[in-house]
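Below is one structure, written out as structure tokens, with a few remarks after it.
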Amino acid sequence: MRGTLTTRDEFLDQPTLTVDPKLQLPLFVETRPPLWIDPTVKTDVAQKIATEFHLHPVLSEILVNRKIFSADAIHSYLYARLPDLLDPFLFAEMPQAVERIARAIKNEETILVYGDNDVDGMTGTALLAEFLTFVGAKVLFHISNRTALLRQSMILDALEFALRHHCTLLITVDCGITAAEHIEEVVRHNVDVIITDHHEPTKKIPHCVATLNPKLVNCVYPNRDLTGVGVAFKLAHAMTEHLLQEEGMHGKRVDLKRYLDLVAIGTVADMGALTGENRILVSYGLEQLRKTKRIGLSKLLSICEIDVHDATTSIIASKIAPRLNSLGRIAEPENGVKILLVRNILAAEKLAIELNLYNIERQKIERMMTKDVEKLIHEHSHLTENRAIVLSSRKWHPGIIAILAMRLSKHYNRPCVMIASDGQIGKGSVRSIPEFPVLPVLKELSDLLLNFGGHDAAAGLTIREQHIEEFTTRFIQIANERLQETHITPKLFLDAQVPFDQLTFELMDSLKLLEPYGQGNPPPILFTEATQVQEPKIVGRQHLKLFLEQNDRMLEGIASGQSYRMATLRGWRGLVKVAYTPQVSASSIHLIIRDFQKVGEKESLEKKS
């Protein structure tokens, strides 16, 4: 999974750490105010768009601020449909992949679908296993647990499984692009390989039947932001077209929409950018999820007390993904695929309960590690004085470090590396900010690493313990040289200035056109000035409830995780500048407060205007 990079790209309900007002302020609570980035709205352009496309003026302002102002861009963003999906054969080696799978089906060969152990890998594995079985292939699937991967690489583990079960074709999902040497070993055992992956290539490209990856240097596929499950879907898309052309009726009965719920879950969980083709896939995937016939998913949502009809990207990110990911972190990730494919109600219920229990265990481990990290930083304040943070310990669980690396990076707005060592080998998780792509840095430090891979914003590595200290020194040195103070200043990107009298249900309906929200397409952040008319309240120990009035209209707002700022507003009856996202709840409009600033009357927007 990848960490949130800027305030603009975070979910509203991204998990926060508990704040107890009686205790010292936890170190992960954001105390450094963000820099507000004003919108760059061209009023004449926004008015023209509102008129031509019959849009609410505020919506048109948001589109212009997000640089969506050409007719084609607006139409593609607001009204793209499934027929607008890209041609899967734009992947250069897609014909070879399709031909080899078709031959395997015809010859009744056993195909192994082998996936990474995160949600992206699980959903992609489930998708291909279900699809290939449906079109007549003999299919097995396998996902390695972390214990198996301590012994050997993923691909060699896949080879063992393939040989043991007499598989002659291996299809990887969300992995394989950096394993050229190990794939050569697989091929030497007469097992053909098709790689489907979306991670950045870091070494030579594997020699195999076909490599499907939108990030290959010479790949002309326009959507570089496909996730692992997205690439798997494109393979199924291409196979469907092949079956339709070559075998007539057999291809017509394949309904690709039935797999889009898996694409939505994997894409959101892996924080794929919800723009372009991904936006189409996730939009239709959410529709499919709301009417899903997947018993396991329904049971899982039921345990979370979520109505499947209410499924959103936020529900995926906060409820579904953490539970599936808990298997990859501390248990058997293969059960994640099983719950997506199970058809027996009792088995589905058992798996759903198991997933929920593992998620509770994951949360316990995470809380303990969080306390340990807070203590470490408190006792060694110099750790956060540089423009990168590198922490290591023998006490940490290697399956949990990615979560805390993401939170540290988000909180301090700088690259963060967390390494969990077993005394000999350290497993590291890296999260970064847009101004500091980490893969080139890891390449510079590859003489210290056993392996590394991932993306510029989120990567993983393995390292011998004796090299951790030198790695730490060199990584921080590079960050200090290349990052400036402005780069590590947290930022809040504003979309439009909207007073309370414009917050109508008509506007709220218009803003739904911006959905689905997620990475690269956050909820709109609006701003205005209002008067605080009564004392704020602490809600749930960690949130702050504000009472604001503007031109005789009063609205309530919740500042999530900001109870520690209570003293800032206590006794204040003046103007407050608020950055907010409006939401409808119980037939009324309220505000999600992203940030606030006290304003003196002389500085108010009304007097400026």
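Just so you know, these numbers come straight off a predicted model, no measurement behind them.
In this structure, Tyr580 and Phe500 have perpendicular ring planes: the angle between them is above 60°, well past the 30° mark.
Rounded to the nearest 0.5 Å, atoms OG1 (Thr531) and CH2 (Trp572) are 10.0 Å apart. Taken from OG in Ser432 to CG in Asp456, the straight-line distance is 8.5 Å, to the nearest 0.5 Å. For the atom pair CE (Met368) and NZ (Lys395), the distance works out to 11.0 Å, reported to the nearest 0.5 Å. With rounding to the nearest 0.5 Å, the separation of OG in Ser563 from CD1 in Ile538 is 5.0 Å. Atom CG of Leu461 and atom CG of Leu450 lie 9.5 Å apart (nearest 0.5 Å). Atom-to-atom distance recorded for Ile280:CD1 and Leu274:CG is 12.0 Å, nearest 0.5 angstrom.
When all heavy atoms of Gly228 and Asp120 are compared, the pair lying nearest together is N-OD2, 2.7 Å. Here the closest non-hydrogen pair linking Ser421 and Ile468 is CB-CD1, 4.5 Å. The two residues Gly266 and Thr123 have their closest heavy-atom pair at CA-OG1, 3.4 Å. Closest heavy-atom contact between Ile525 and Leu492: CD1-CD1, 3.8 Å. The two residues Leu439 and His455 come nearest to each other via the heavy atoms CG-O, 3.5 Å. In terms of heavy-atom proximity, Asn359 sits nearest to Pro322 at OD1-O, 3.3 Å.
Side-chain atoms of Arg431 and Ser429 include a donor-acceptor pair closer than 3.5 Å. Asn521 and Tyr77 form a side-chain donor-acceptor contact under 3.5 Å, judged by distance and modelled atom types alone. For the 3.5 Å distance criterion, the side chains of His198 and Asn213 fail to qualify, holding no donor opposite an acceptor. If you check the side chains of Thr528 and Gln550, you find a donor sitting under 3.5 Å from an acceptor. Residues Glu277 and Tyr221 have side chains that bring a donor and an acceptor to within less than 3.5 angstrom of each other. Looking only at atom types and distance, the side chain of Asn223 has a donor-acceptor partner in the side chain of Asn278 under 3.5 Å away.
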Before giving the answer on side chain to side chain contact (heavy atoms under 4.5 Å, CB included), spell out for Leu513 and Leu511 the whole-Å C-alpha distance, their side-chain angles and the decisive distance to 0.1 Å.
CA-CA 5 Å; Leu513 288 171; Leu511 294 181; over 6 Å; no
Using the rule given for side chain to side chain contact (heavy atoms under 4.5 Å, CB included), can you reason through Met369 versus Leu404, listing the C-alpha separation, both sets of side-chain angles and the distance that settles it, and then say yes or no?
CA-CA 8 Å; Met369 286 176 56; Leu404 296 190; 3.6 Å; yes
Is there a side chain to side chain contact (heavy atoms under 4.5 Å, CB included) between Ile389 and Ile377? Walk through the geometry before answering.
CA-CA 10 Å; Ile389 299 171; Ile377 293 175; 5.7 Å; no
Show, in sequence, the C-alpha distance, side-chain angles and deciding distance for Leu391 and Leu408, and conclude whether the side chain to side chain contact (heavy atoms under 4.5 Å, CB included) test is met.
CA-CA 10 Å; Leu391 305 176; Leu408 279 169; 3.9 Å; yes
Please walk me through it: do Glu366 and Arg407 pass salt bridge (Lys or Arg N to Asp or Glu O under 4.0 Å)?
CA-CA 12 Å; Glu366 188 180 324; Arg407 291 188 182 177; 3.0 Å; yes
Step-by-step salt bridge (Lys or Arg N to Asp or Glu O under 4.0 Å) determination, Asp225 to Lys215
CA-CA 8 Å; Asp225 293 323; Lys215 293 186 175 72; 5.5 Å; no
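Although no hydrogens or angles enter the test, the distance criterion places a donor-acceptor pair under 3.5 Å between the side chain of His397 and the main chain of Gly399. The main-chain N or O of Arg414 is found under 3.5 Å from a side-chain atom of Ser409 such that the two form a donor-acceptor pair. Remark: side-chain polar atoms of Asp595 are not paired, donor with acceptor, to backbone N or O of Ala579 under 3.5 angstrom. Without hydrogens or angle criteria, Ser381 side chain to His378 main chain gives no donor-acceptor distance under 3.5 Å. Judged purely by atom type and a 3.5 angstrom limit, His590 has no side-chain atom pairing as donor or acceptor with the backbone of Gly557. Using modelled atom types, one side-chain atom of Thr462 and one backbone atom of Asn451 make a donor-acceptor pair closer than 3.5 Å. For the pair Ser318 (side chain) and Ser314 (backbone), a donor-acceptor distance under 3.5 Å is present.
Geometric assessment of Lys491 against the ring of Trp36 yields a negative cation-pi assignment under the 6.0 Å and 45° thresholds. Cation-pi geometry between Lys42 and Phe69 is satisfied (NZ or CZ under 6.0 Å from the ring centre, within 45° of the ring normal).
No side-chain heavy atom of Leu526 sits less than 4.5 Å from a side-chain heavy atom of Leu494. Considering only heavy atoms from C-beta on, Ser446 comes within 4.5 Å of Phe452 through its side chain. For the pair Tyr358 and Arg329, the minimum side-chain heavy-atom distance is 4.5 Å or more. Taking the side chain as every heavy atom from C-beta outward, Ile433 and Asn413 approach each other to under 4.5 Å. With a 4.5 Å cut-off on side-chain heavy atoms, Leu226 and Thr267 do not count as touching. Side-chain contact check for Glu556 versus Leu591: every heavy-atom pair is 4.5 Å or farther apart. For the pair Lys537 and Leu546, the minimum side-chain heavy-atom distance is 4.5 Å or more. With a 4.5 Å cut-off on side-chain heavy atoms, Arg464 and Leu449 do not count as touching.
Residues Arg224 and Glu200 are paired through a salt bridge, judged by an N-O separation under 4.0 Å between the basic side chain and the carboxylate. Using a cutoff of 4.0 Å between basic side-chain nitrogens and carboxylate oxygens, Asp372 and Arg367 are not scored as salt-bridged. The existence of a salt bridge linking Glu465 and Arg394 is confirmed by a sub-4.0 Å separation between a basic side-chain nitrogen and an acidic carboxylate oxygen. Contact check on Glu535 versus Lys545 returns no salt bridge, with no Lys/Arg side-chain nitrogen under 4.0 Å from an Asp/Glu carboxylate oxygen. The residues Arg482 and Glu444 are annotated as salt-bridged, a charged nitrogen and a carboxylate oxygen being separated by less than 4.0 angstrom.
Within a 6.0 Å radius of CD in Gln466, more than 12 heavy atoms belonging to other residues, nucleotides or ligands are found. Shown here is Arg573, whose CZ atom has more than 12 heavy atoms of other residues, nucleotides or ligands within 6.0 Å.
Residue Arg66 forms a side-chain contact (heavy atoms from CB on, under 4.5 Å) with just one option from Val64, Leu63, Ile62, and that option is Ile62.
Screening residues 467-479 for side chain to side chain donor-acceptor pair (under 3.5 Å) gives Asp447-Arg474, Glu470-Arg474, Gln477-Glu481 as the qualifying pairs, with residues at least two apart or on separate chains.
Ala311 meets the side chain to side chain contact (heavy atoms under 4.5 Å, CB included) test with Leu289, Arg290; sequence neighbours excluded.
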